[in-house]
Amino acid sequence: MQQEHKAFVTPALVTEKAVRRLPRWALWAFCAAYVLPGLFGRDPWKNADIASFGQMWSLALGQASWWAPHVGGVSPAGGGILPYWLGGGFIAAFSPLMDPALAARVPFALLLGAVLALTWYTTYHLARTDAAQPLPLAFGGEAPAADYARALADGALLALVATLGLLQLGHETTPELLQLTGSALFMYGLAAAPTRTLKARLATVGSVALLATSGSPSVAMMLTGVGLLVCWQSQDEHLGRHRWWVAGAGVLGAGLATTLTLANLSGWNWGVTDDADVGPLLKLLIWFTWPTLPLATITVWKWRRQLLRRHIAVPVCSALVGILVCLGMGGNDRALLHSLPPLAVLAAFALPALKRGLSGAIDWFSVFFFTIVALVIWVVYAAMHTGWPAKTAANVAKLVPGYTAEVSWVSLGFAVLGTVAWLALVRWRTARHRAALWKSLVLPAGGVALLWLLLMSLLLQPLDQARSYRLLMDRVAAHVRPGQCVLAPNASAGLLTALEYFGNHTVYGQTGVERYPPAGCTVLMLSLTSHQMEPVPPGWTFISRERQRTQNSESVAIYRRGP
């Protein structure tokens with residue numbers, strides 16, 4: 001991280017042809033196909049998605065104080081206070097013009113787009129440094145610096161879209177997405193400090209404040225340490241001045257976290273778990289970060305002589321923060337989200353040194369894997385509507401009993417367009433277009449976007465029934481009138497939200513409330529495991545047991561107060 005210069009050998013050998021731009025319309029299409037599916041036409045899903053939505057909805061309705069979010073008396077497990085303000089504010093702003101669940105998802109979809117954009121700009125600024133430049137060619141024709149940086153940035157964005165771990169968690173309405181935005185914003189601040197001074201300072205201060213108020217003050221402090229280390233080692237005068245902004249941001253983040261802690265809100269959370277096994281952690285790390293981790297490993301090896309240079313040190317240290325937090329939390333996959341943008345940046349720097357054989361293997365694996373999975377989704381869709389293949393139709397009926405398939409021509413149209421686009425992409429990649437740096441990540445990113453689009457269009461209805469509480473609440477409605485008060489002392493925040501959102505019930509989730517129920521509250525509901533017997537609390541009469549889907553799925557026992 002000293003003053004960058006070209007006095008050392010880099011592993012990048014890039015020609016002018018290799019830095020051709022990915023068309024902007026294609027890049028926007030990738031982002032739209034990744035961000036927009038799942039935004040419309042579905043209920044909040046369990047468990048974290050609906051639990052977070054419930055906290056936001058209660059704020060918008062005025063049922064809870066903006067300084068103390070809760071659903072039925074149950075406070076959020078974490079996440080600070082800012083994520084709930086963000087979702088609750090959008091719900092209140094767009095009510096009653098927009099469904100509350102959709103209104104809550106809109107800002108988080110924008111955050112996912114911001115993460116993609118920040119990853120692109122971080123890579124672009126790091127690739128513009130002197131130390132990151134490719135070797136000059138003997139007879140000229142080497143890649144211009146700006147075009148080279150733009151090609152690597154395109155590759156980083158495609159790598160992040162292709163990452164499996166971001167697929168589901170990136171489309172939920174949870175605090176983790178706001179935390180991920182904060183860590184990506186901090187990395188951008190370190191990357192852009194020498195050339196975008198004001199933006200970098202605002203990004204650094206804003207990112208630490210954002211992390212501290214969204215449930216990750218420990219990550220904010222660790223990233224502050226990374227920033228100070230990078231600035232201290234660098235001889236660049238801009239980074240030398242930037243370290244004071246990093247230090248100030250750290251002080252601000254610590255102050256905000258301490259204030260939230262003193263106010264009995266979600267502030268400092270230094271708890272460390274050491275009960276995680278190495279095997280499951282290794283499996284999580286491999287599949288969650290695929291395919292960026294293997295490419296990042298190649299980058300670290302190929303650029304091993306430049307590990308202290310800013311374009312390698314910044315993403316490496318940032319990725320290690322996410323991995324260490326994941327280990328400290330016992331293998332929590334949501335904590336591992338912090339490592340995905342820096343791993344995508346590292347993956348981009350592997351592209352100039354990627355061998356043709358490995359690039360071809362990635363392409364052919366992507367073609368076969370994603371095409372087969374897409375074909376399976378289409379077969380399942382056909383079985384739901386035609387009954388053929390019969391075995392597939394029977395399996396769907398078993399997994400989602402009582403489901404009646406309905407054709408949505410809009411969803412079907414998007415699915416057809418996505419499939420045709422995938423076939424055209426495969427045709428383009430298997431032709432003679434082999435020069436562009438980002439070529440090896442087009443098919444993995446396109447395949448992930450295709451599968452997400454097909455799942456959120458062709459299979460959205462059965463997935464929604466399987467992962468939403470709506471079906472369970474419809475069955476509960478046979479025994480409990482809409483708007484009736486319900487005591488649910490052992491229910492999760494997600495189930496309490498479902499009772500309020502789908503059943504329009506007034507709920508009380510505090511422990512022990514069944515012993516001293518509020519006046520006029522005559523219904524008790526207990527959440528049970530699949531094989532648990534229905535207990536009979538004193539003074540209550542058992543009415544019914546209702547299940548979400550199958551015999552082994554989540555169920556609730558309903559009671560009425562005796563005379």
Side-chain angles (χ1 to χ4, degrees), residues 43-44 46-48 50-79 81 84-85 87-88 91-92 95-96 100-101 104 263-266 468-529 532-548 554-563:
D43 293 327
K46 42 181 195 181
N47 294 303
I50 191 171
S52 298
F53 165 71
Q55 310 292 344
M56 302 167 189
W57 194 46
S58 65
L59 294 182
L61 293 179
Q63 296 177 349
S65 167
W66 286 80
W67 291 102
H70 69 83
V71 178
V74 176
S75 301
I81 198 168
Y84 307 113
W85 284 4
I91 294 174
S95 176
N264 292 323
L265 300 172
S266 182
S468 167
Y469 276 108
R470 184 182 294 273
L471 179 60
L472 179 60
M473 294 301 103
D474 289 343
R475 294 173 176 173
V476 168
H479 311 283
V480 185
R481 298 189 309 274
Q484 197 167 358
C485 173
V486 175
L487 309 177
N490 69 337
S492 63
L495 182 55
L496 292 172
T497 302
L499 287 167
E500 286 193 345
Y501 184 65
F502 297 116
N504 196 28
H505 300 295
T506 301
V507 296
Y508 294 89
Q510 301 93 329
T511 302
V513 72
E514 73 278 7
R515 300 178 184 176
Y516 306 100
C521 211
T522 60
V523 178
L524 172 67
M525 184 179 297
L526 298 180
S527 179
L528 306 176
T529 58
Q532 184 179 352
M533 299 297 294
E534 297 86 355
V536 182
W540 298 88
T541 303
F542 175 73
I543 300 298
S544 177
R545 177 170 182 161
E546 299 296 339
R547 292 178 170 83
Q548 167 71 5
E554 181 179 0
S555 62
V556 295
I558 304 172
Y559 306 84
R560 289 196 183 278
R561 187 160 28 160

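Throughout, residue positions are numbered sequentially from 1 according to the sequence presented.
Under the side-chain hydrogen bond (donor to acceptor under 3.5 Å, both in side chains) criterion, Arg545 pairs with Glu534, Ser555, not counting sequence neighbours. Annotation: side-chain hydrogen bond (donor to acceptor under 3.5 Å, both in side chains) contacts of Gln484 (sequence neighbours excluded): none. Qualifying side chain to side chain contact (heavy atoms under 4.5 Å, CB included) partners for Ser544, counting only residues two or more places apart in sequence or in other chains: His479, Glu546. Taking Thr506 as the reference, nothing meets the side-chain hydrogen bond (donor to acceptor under 3.5 Å, both in side chains) condition, with sequence neighbours excluded. Applying the side chain to side chain contact (heavy atoms under 4.5 Å, CB included) test to Pro537 and every residue at least two apart in sequence or in another chain returns Leu524, Leu526, Trp540, Tyr559. Applying the side-chain hydrogen bond (donor to acceptor under 3.5 Å, both in side chains) test to Ser75 and every residue at least two apart in sequence or in another chain returns nothing.
Proximity of a side-chain donor or acceptor of Ser95 to a complementary backbone N or O of Ala92 within less than 3.5 Å is not detected.
Side-chain contact between Pro76 and Ile81: absent, with no pair of heavy atoms (C-beta onward) separated by less than 4.5 Å. A 4.5 Å side-chain heavy-atom check between Phe53 and Pro100 finds at least one atom pair inside the cut-off.
Of all non-hydrogen atoms in Arg561 and Pro518, the two that sit nearest each other are NH2-O, 3.8 Å. Across Ala104 and Met56, no two heavy atoms sit closer than the pair CB-SD, 4.2 Å.
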Which donor-acceptor pairs under 3.5 Å do the side chains of residues 61-74 make with protein atoms, sequence neighbours left out?
unit_1: Ser65; atom_1: OG; unit_2: Trp67; atom_2: N; d: 3.1
unit_1: His70; atom_1: ND1; unit_2: Gly73; atom_2: N; d: 3.1

N/O donor to acceptor pairs below 3.5 angstrom from side-chain atoms of residues 486-504, sequence neighbours left out:
unit_1: Asn490; atom_1: OD1; unit_2: Ser527; atom_2: N; d: 3.1
unit_1: Asn490; atom_1: ND2; unit_2: Ser527; atom_2: O; d: 3.0
unit_1: Ser492; atom_1: OG; unit_2: Leu495; atom_2: N; d: 3.2
unit_1: Thr497; atom_1: OG1; unit_2: Ala493; atom_2: O; d: 2.7
unit_1: Tyr501; atom_1: OH; unit_2: Asp99; atom_2: OD1; d: 3.1
unit_1: Tyr501; atom_1: OH; unit_2: Asp99; atom_2: OD2; d: 3.2

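Pairs of residues two or more places apart, or lying in two chains, that qualify as disulfide bond (SG atoms under 2.5 Å apart) and include a residue from residues 483-529 are Cys485-Cys521.
Going from atom CG of Leu59 over to atom OH of Tyr84 covers 9.5 Å, rounded to the nearest 0.5 Å.
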